[in-house]
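Worksheet: one structure, shown below.
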Amino acid sequence: MATFTSHSPQETEALGEQLARAATAGLVFGLSGDLGAGKTSLVRGLARGLGITTRVHSPTFTLVNEYPGGRLKLFHLDLYRLETPDQLRSAGIEEFLSPDGVTVIEWAERLELGGWKFTPGRNFVRVNLALVSETERLITYDGL
Ligand SMILES: Nc1ncnc2c1ncn2[C@@H]1O[C@H](COP(=O)(O)OP(=O)(O)O)[C@@H](O)[C@H]1O
Ligand SMILES: [Mg+2]
């Protein structure tokens with residue numbers, strides 16, 4: 001696990017950008033951490049690092065936002081509203097776990113509820129963001 005202390009949304013985005021540059025096709029980033037921890041900020045950086053210029057917003061009424069136009073296509077999922085094992089299993093998450101591009105999942109700890117193992121592997125990179133203070137975030141992540 002690597003550790004990074006971020007002092008601003010910009011620094012969190014910059015870490016995302018750095019991770020995206022090392023990303024290869026089929027990679028899944030699983031983000032965990034409380035509301036306001038900076039998950040969506042990190043996704044903005046990932047998108048930028050892949051060369052995507054579209055504005056990034058969390059998918060709210062759909063499972064996934066797709067961002068083409070970069071070095072690899074980015075799929076952005078947010079599992080916040082999927083609360084039961086049934087909801088998780090029937091949401092259609094599966095195809096994005098071995099993506100034709102790169103997937104990033106907010107609230108990835110919910111995958112376990114749906115029966116998926118939240119473990120590091122060939123194609124799964126865990127990123128945890130923890131609130132330290134108003135502007136400080138402790139970010140731990142699997143090396144790429
Ligand atoms: N170091 C930091 N990294 C990321 N966001 C930060 C940081 N410091 C303050 N913030 C603020 O925290 C909020 C993070 O929001 P967001 O990225 O949407 O988090 P999440 O998706 O985890 O709910 C934003 O309002 C942002 O301005
Ligand atoms: Mg978010």
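Note that ligands are numbered from 1 as they come in the structure, with each ligand's atoms numbered from 1 the same way.
- The backbone N or O of T84 sits less than 3.5 Å from a side-chain atom of Q87, completing a donor-acceptor pair.
- The N, O or S atom of E106 lying closest to the Mg ion (ligand 2) is OE1.
- Not a single N, O or S atom of D78, from either the backbone or the side chain, sits less than 2.8 Å from the Mg ion (ligand 2).
- Using a 4.5 Å heavy-atom threshold, the side chains of R71 and R21 count as separate.
- Contact annotation: the side chain of E11 never approaches that of R137 to less than 4.5 Å [non-hydrogen atoms, C-beta and beyond].
- For R44 and E13, the salt-bridge test fails: no basic side-chain N is under 4.0 Å from an acidic carboxylate O.
- For a distance bound of 2.8 Å, the N, O or S atoms of T40 include one lying that close to the Mg ion (ligand 2).
- Side-chain N or O atoms of K117 include none that pairs as donor or acceptor with a backbone N or O of L111 at under 3.5 Å.
- The CG atom of L15 lies 11.5 Å from the OG atom of S41; values are rounded to the nearest 0.5 Å.
- In this structure, the separation between CD on E109 and CG on L79 is 8.5 Å, given to the nearest 0.5 Å.
- A distance limit of 4.0 angstrom between heavy atoms and ligand 1 selects the residues S6, H7, S8, P9, T12, D34, L35, G36, A37, G38, K39, T40, S41, E106, E134, T135, R137.
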